[in-house]
There are 2 protein chains.
Amino acid sequence: MPRGPRETAAATREPVTRERAVRVAVELADAGGIESVSMRKLAAELSITPMSLYYHVPGKEDILDGMLDVVYSEMHVPRPGVEWRTAMLERAESTRAVLARHPWAISLDARTSPGPATLGHLDATIGVLRAAGFSMPLVGHAMSLLDSYVQGFAMQEATLPLDASGDIGAVTEDIMAQHQMMSNAFPNLAEMAVTLILQPGYAYGNEFEFGLELILDGIEKVHRQQVEAADA
Amino acid sequence: MPRGPRETAAATREPVTRERAVRVAVELADAGGIESVSMRKLAAELSITPMSLYYHVPGKEDILDGMLDVVYSEMHVPRPGVEWRTAMLERAESTRAVLARHPWAISLDARTSPGPATLGHLDATIGVLRAAGFSMPLVGHAMSLLDSYVQGFAMQEATLPLDASGDIGAVTEDIMAQHQMMSNAFPNLAEMAVTLILQPGYAYGNEFEFGLELILDGIEKVHRQQVEAADA
DNA sequence: AAACGCTACCATACGGTGTATGGTTTCGTC
DNA sequence: GACGAAACCATACACCGTATGGTAGCGTTT
């Protein structure tokens with residue numbers, strides 16, 4: 001029966017490593033939001049004291065970096081052979097799905113110092129576009145555009161006061177209560193609320209696809225023009 | 001000589017109000033980033049004790065909300081008559097300019113409970129699109145798409161390790177040092193770094209316009225189709 | 001003139017945070 | 001059985017947001 005070092009009581013099981021600490025931090029954030037990830041709570045969850053964490057990790061920043069890389073590692077990585085448009089679509093939708101699973105990651109997304117999963121993801125994406133004949137500048141354009149949109153949309157979506165189903169219903173009363181006031185000060189906003197957003201079938205999440213397809217159409221058009229120009 | 005109440009020493013000048021507290025908080029954030037806005041530092045800047053702030057404000061959240069609304073109030077509000085595409089372009093560029101001036105606002109952008117400036121801004125934008133004949137669903141599509149892109153781009157830009165000029169130069173050495181390693185693990189990324197990003201003329205900020213024009217083109221096309229379909 | 005109440009401010013304290021400093025225990029190896 | 005590294009710990013500091021319960025100065029009322 002092999003056993004790790006330092007197993008005094010019957011408490012500890014797995015050894016504490018940076019990897020496990022980050023994994024547990026992700027679980028904490030999933031359960032209680034990013035503000036429930038503190039060095040003390042994390043240490044408690046690992047059955048060690050706060051300062052013992054610093055043996056495995058240089059500081060909290062490193063844990064946050066690790067958490068973001070875990071999130072990226074859950075995303076679908078485009079495979080080399082796939083047609084570029086399909087790959088980009090899958091990538092965007094996978095990103096959105098993963099961020100929906102880990103909403104706290106949206107605010108962490110602004111962080112520098114990417115991890116290996118993040119870099120691998122970028123590398124694979126560039127590879128697919130290059131294989132499809134995209135010029136390097138166009139790869140830059142396309143990725144900046146797509147990533148900005150996907151990340152921005154996730155942030156907008158997180159901002160809205162939605163219930164779990166993505167429906168706006170839960171706050172309808174609040175909005176209607178303010179409606180009289182809004183109609184005077186912000187007539188266009190009030191009209192949009194009543195005739196669009198508060199309509200039964202409306203869900204903000206559905207806006208995602210419109211923008212995504214529009215962007216992919218635009219990129220496809222530019223790509224085709226470049227290819228034709230090169231052939232001529 | 002009119003003087004406010006409670007002017008014991010010759011210290012205080014302007015009276016403390018929520019509005020002034022928020023204004024000073026913005027100055028603090030501009031000077032030292034969002035983490036240098038604490039109730040204690042803010043109170044010190046206003047020459048009162050921390051707890052006195054709570055007479056003017058329910059809590060820190062309210063100050064952050066106010067700060068974001070100040071940022072929105074600095075943005076160019078589209079005027080009713082303007083052609084929609086021009087208005088959207090100005091709006092996007094103004095947003096980007098203001099967020100560049102207050103980088104801390106990007107991370108605050110995810111915050112609920114918009115202020116009057118924010119709502120007024122939205123209202124004016126909807127008004128311009130409606131006046132241009134956009135259907136309400138298309139207004140929703142267009143604004144979701146544009147706002148997601150602009151906000152996401154600002155976030156991406158803030159993530160990058162850029163110096164003040166927007167140039168990547170400052171970190172070139174770091175990248176080159178890791179280049180050998182990257183070439184093996186992430187060949188596409190390495191190639192992109194060398195042949196695009198590290199090239200003398202390249203600045204990530206220039207990517208903004210490509211995406212913006214592409215999006216506006218796409219929206220214009222959809223709009224034209226809808227108008228034609230309605231005419232037929 | 002005296003009492004009252006309101007506005008604006010303050011002192012103290014609590015429970016939380018990240019982490020610097022400097023031990024202490026346990027283990028494999030010699 | 002001594003030794004050094006690996007893993008963990010205790011204490012403490014400077015900060016944070018804010019709950020609780022005051023207090024000084026003012027205008028108005030009686």
Side-chain angles (χ1 to χ4, degrees), chain A residues 1-25 28-29 31-68 104 107-108 111 113, chain B residues 1-25 28-29 31-68 104 107-108 111 113:
Chain A
M1 171 185 173
R3 38 144 72 198
R6 200 82 219 296
E7 189 164 350
T8 50
T12 58
R13 291 277 171 278
E14 296 179 65
V16 175
T17 60
R18 187 199 117 112
E19 192 191 330
R20 187 161 100 90
V22 167
R23 220 175 53 231
V24 170
L28 278 177
I34 192 67
E35 73 275 11
S36 66
V37 176
S38 79
M39 297 303 265
R40 289 170 153 87
K41 288 177 191 159
L42 179 54
E45 203 71 17
L46 294 165
S47 306
I48 58 178
T49 61
M51 286 319 291
S52 298
L53 265 176
Y54 287 80
Y55 178 81
H56 304 281
V57 136
K60 193 185 184 181
E61 291 289 298
D62 186 61
I63 291 201
L64 296 177
D65 285 339
M67 290 172 72
L68 191 56
W104 45 267
S107 55
L108 282 188
R111 127 181 326 274
S113 67
Chain B
M1 171 186 172
R3 39 144 72 197
R6 200 87 220 294
E7 189 165 348
T8 49
T12 59
R13 290 279 171 277
E14 294 180 66
V16 175
T17 60
R18 184 198 119 112
E19 192 191 329
R20 187 160 100 89
V22 168
R23 219 174 54 230
V24 170
L28 278 177
I34 192 66
E35 73 275 10
S36 67
V37 176
S38 79
M39 297 303 265
R40 288 169 151 89
K41 287 177 192 158
L42 179 54
E45 204 71 16
L46 294 166
S47 305
I48 58 179
T49 61
M51 286 318 291
S52 298
L53 265 176
Y54 287 80
Y55 178 79
H56 304 281
V57 136
K60 192 184 185 182
E61 292 289 297
D62 186 62
I63 291 203
L64 297 177
D65 285 339
M67 290 172 73
L68 191 57
W104 46 267
S107 55
L108 282 189
R111 134 178 321 276
S113 67

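In what follows, chains are A, B, ... by sequence order, proteins preceding strands, each numbered from 1. Keep in mind that this is a model prediction, so the values were computed, not measured.
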Terminal helix-axis angle for the helix from C/dA1-D/dT30 to C/dC30-D/dG1, with five pairs defining each axis and rounding to 10 degrees:
30°
Residues which pass side-chain contact (heavy atoms from CB on, under 4.5 Å) with A/Thr17, listed by chain and number, not counting sequence neighbours
A/Glu19, A/Arg20
Sorted by first residue and then second, give each side chain to side chain donor-acceptor pair (under 3.5 Å) pair with at least one member in residues 31-46 of chain B; sequence neighbours left out.
none
All heavy atoms of A/Ile63 vs all of A/Ala25, minimum pair found to be CG2-CB, 3.9 Å
Heavy-atom pair with the smallest gap, counting every atom of B/Ala29 and B/Met67
CB-CE, 3.6 Å
For nucleotides 10-17 of chain D, give me one character per nucleotide, 5' to 3': B if any protein heavy atom sits under 4.0 Å from the base, S if the only such contacts are to the sugar-phosphate, - if neither.
BBB---BB
Rounded to whole Å, how long is the line connecting atom [atom1] of [X] with atom [atom2] of [N]?
| X | N | atom1 | atom2 | answer |
| --- | --- | --- | --- | --- |
| A/Ile48 | C/dT26 | CD1 | C1' | 16 Å |
| A/Arg18 | D/dA6 | CZ | C1' | 19 Å |
| B/Asp62 | D/dT18 | CG | P | 11 Å |
| A/Leu42 | C/dG18 | CG | C1' | 13 Å |

According to a strict under-4.0 Å criterion, is A/His56 in side-chain N/O contact with OP1 or OP2 of D/dC8?
yes
Check this one for me: any side-chain N or O of B/Tyr55 less than 4.0 Å away from OP1 or OP2 of C/dC9?
no
Residues in side chain to side chain donor-acceptor pair (under 3.5 Å) contact with A/Arg111, at least two apart in sequence or another chain:
A/Glu61, A/Asp65
In this structure, OG of A/Ser107 is separated from CG of A/Leu68 (nearest 0.5 Å) by 9.5 Å
All N/O donor-acceptor pairs, side-chain side in residues 48-57 of chain A, below 3.5 Å, sequence neighbours left out:
residue	atom	partner	partner atom	Å
A/Thr49	OG1	A/Ser52	OG	3.0
A/His56	ND1	A/Val16	O	3.4

